[in-house]
Amino acid sequence: MQIATWNVNSVRARQERVTAFLQRTNVDVLAMQEIKCKPEQFPVEAFEAIGYKIISHGLNQWNGVAFAYKQDLEAEDIETSFDQQPEFKDVQEARALGATFNGVRVWSLYVPNGRGLDDPHMQYKLEFLDRLAATTAEQLEMDPELEIALVGDFNVAPLDSDVYDLSLFETHVSEPERDAFSAFEQIGLTDKVRELVPDIYTYWDYKDLCFPKNNGMRIDFMLTSDALTERIESASIERDERKGELPSDHVPVVISLS
DNA sequence: ATGACTCGACTATCGAGA
């Protein structure tokens with residue numbers, strides 16, 4: 001089974017590229033972020049036409065998360081938020097979607113952008129990461145053999161080498177953000193993609209020729225519990241998806257399971 | 001070339017992205 005994650009930056013604008021990606025790679029489950037639409041606006045028919053079903057969670061033109069999965073799979077125990085997922089200004093945004101495929105619990109996650117070190121969104125971001133780690137830890141304590149994958153746009157660059165010029169960044173690289181990210185490793189999750197595919201970015205800003213200059217960031221991750229990490233046979237970061245017509249500013253990350 | 005932001009709200013500009 002192959003699982004992928006991709007911040008598509010509008011699924012309606014990216015419909016052709018996303019369906020072409022699924023046809024090319026034949027991944028079984030694609031977790032998407034920033035779909036930027038409500039469920040009734042999602043181009044479901046285009047995915048059904050190539051043999052995929054859709055679950056989506058979107059409230060408006062902001063954020064939004066979804067799964068495309070092969071039509072012969074079942075999506076079980078669907079959740080549109082995790083336990084005690086924080087709100088921003090009394091709104092629980094569409095930033096998390098959980099579903100179980102063939103016994104693998106997958107969460108499609110779009111972690112809030114902190115915007116600035118002193119911006120209220122930074123506290124929101126840190127709480128989001130803290131609560132996600134805490135609830136995942138509780139689940140793994142109850143059953144250490146669970147196969148869990150937390151995948152998506154974490155909006156954190158854990159290593160200095162995950163940004164092209166550290167001096168240009170305040171957010172994404174700050175100590176509180178990196179501490180919040182490292183909590184996932186402390187509760188037993190592993191970034192196996194890092195080991196298999198080092199030194200490749202997952203995001204390049206549209207501005208200032210960032211992609212031709214390779215001025216990128218590594219902020220999209222697939223974190224797996226031990227039982228699932230053991231099943232990862234290979235991984236890829238689909239850098240070529242940043243090329244060509246109407247690309248997202250992020251590229252897909254893919255794992256292949258035994 | 002991988003090339004100088006893009007998206008979706010709305011119709012002219014703006015919030016948001018990171």
Side-chain angles (χ1 to χ4, degrees), chain A residues 5-18 20-21 24 32-43 46 56-66 87-89 91 93-96 108-126 128-129 152-178 180-181 199-221 236-253:
Chain A
T5 186
W6 194 2
N7 179 325
V8 296
N9 184 18
S10 172
V11 73
R12 288 179 288 177
R14 221 66 63 205
Q15 173 188 318
E16 288 188 17
R17 287 204 62 137
V18 177
F21 167 77
R24 174 172 69 81
M32 288 172 269
Q33 301 87 37
E34 279 209 88
I35 61 169
K36 291 186 168 179
C37 67
K38 303 171 189 176
E40 61 266 31
Q41 299 172 308
F42 198 106
S56 70
H57 176 44
L59 303 176
N60 48 41
Q61 71 270 40
W62 308 121
N63 318 309
V65 281
E87 300 177 345
F88 190 79
K89 292 185 175 175
V91 176
E93 298 178 317
R95 296 181 175 275
S108 179
L109 299 161
Y110 181 39
V111 177
N113 186 325
R115 302 194 186 187
L117 294 180
D118 298 323
D119 193 294
H121 290 86
M122 181 57 73
Q123 239 0 88
Y124 174 42
K125 172 182 191 172
L126 295 174
F128 188 98
L129 290 166
D153 179 355
F154 282 75
N155 268 320
V156 178
L159 305 182
D160 288 354
S161 57
D162 291 334
V163 294
Y164 67 97
D165 183 349
L166 189 60
S167 71
L168 298 178
F169 292 89
E170 288 188 339
T171 63
H172 297 71
V173 300
S174 74
E175 190 171 343
E177 289 165 278
R178 286 179 169 176
F181 186 86
D199 305 324
I200 298 181
Y201 297 132
T202 64
Y203 162 89
W204 297 261
D205 200 308
Y206 288 119
K207 291 183 287 190
D208 303 325
L209 290 172
C210 278
F211 187 56
K213 294 175 181 170
N214 197 30
N215 288 345
M217 306 173 74
R218 187 174 180 128
I219 52 177
D220 299 272
F221 300 102
S236 64
I237 293 175
E238 300 289 326
R239 191 180 186 282
D240 285 354
E241 284 295 342
R242 188 64 177 77
K243 303 177 181 178
E245 294 288 314
L246 292 173
S248 171
D249 41 5
H250 296 251
V251 295
V253 182

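Note that this is a predicted model, so its numbers are computed, not measured. Letters A, B, ... mirror the listed sequences (proteins, then strands); counts begin at 1.
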Using a cut-off of strictly less than 4.0 Å, decide whether A:Arg115 has a side-chain nitrogen or oxygen near OP1 or OP2 of B:dA18. no
Please determine whether a side-chain nitrogen or oxygen atom of A:Tyr206 lies at a distance below 4.0 Å from atom OP1 or OP2 of B:dT2. no
What integer number of Å spans the P atoms of B:dT2 and B:dG17? 30 Å
Side chains of A:Thr5 and A:Gln33, donor plus acceptor under 3.5 Å: yes
Looking only at the aromatic ring of each residue, does the gap between the centers of A:Tyr201 and A:Tyr164 stay below 6.0 angstrom? no
Kindly indicate whether the side chain of A:Asn113 and the base of B:dA18 share any N or O donor-acceptor pair separated by less than 3.5 Å? yes
Can you see whether A:Asn9 engages A:His250 through a side-chain donor-acceptor pair at a distance of less than 3.5 angstrom? no
side-chain contact (heavy atoms from CB on, under 4.5 Å) against A:Ala13, all qualifying residues, sequence neighbours excluded: A:Ser10
Within the structure, does a side-chain N or O atom of A:Asn155 lie under 4.0 Å from either OP1 or OP2 of B:dA18? yes
Report the distance from atom CD1 of A:Ile35 to atom P of B:dA16, rounded to the nearest whole Å. 19 Å
Whole Å only: how far is the CD atom of A:Gln61 from the C1' atom of B:dA9? 5 Å
Where the side chain of A:Lys36 is concerned, which of B:dT2, B:dA4, B:dC7 is the nearest nucleotide? B:dC7
Can you figure out which of B:dA18, B:dC5, B:dG15 approaches the side chain of A:His172 most closely? B:dA18
How long is the line joining CD of A:Glu177 and C1' of B:dA18, in whole Å? 10 Å
Options B:dA18, B:dG17, B:dT2, nucleotide nearest the side-chain atoms of A:Tyr203: B:dA18
Nearest of B:dC7, B:dA18, B:dG8 to any side-chain atom of A:Arg14? B:dC7
Ignoring backbone atoms, establish whether A:His250 has a side-chain N or O less than 4.0 Å from OP1 or OP2 of B:dA18. yes
Between A:Asn60 (CG) and B:dA16 (P), how many Å, whole number? 11 Å
Find the distance A:Leu246:CG to B:dC7:C1' and express it as a whole number of Å. 11 Å
B:dA18 phosphate, OP1 or OP2: any side-chain N/O from A:Asn7 under 4.0 angstrom? yes
Closest to the A:Trp62 side chain, choosing from B:dA16, B:dA9, B:dA18: B:dA16
Within less than 4.0 Å of OP1 or OP2 of B:dA18, is there a side-chain N or O belonging to A:Thr171? no
Please determine whether a side-chain nitrogen or oxygen atom of A:Arg242 lies at a distance below 4.0 Å from atom OP1 or OP2 of B:dC5. no
Mind checking side-chain contact (heavy atoms from CB on, under 4.5 Å) for A:Leu166 and listing every partner two or more places apart, or none if nothing turns up? A:Asp160, A:Val163, A:Val173, A:Arg178
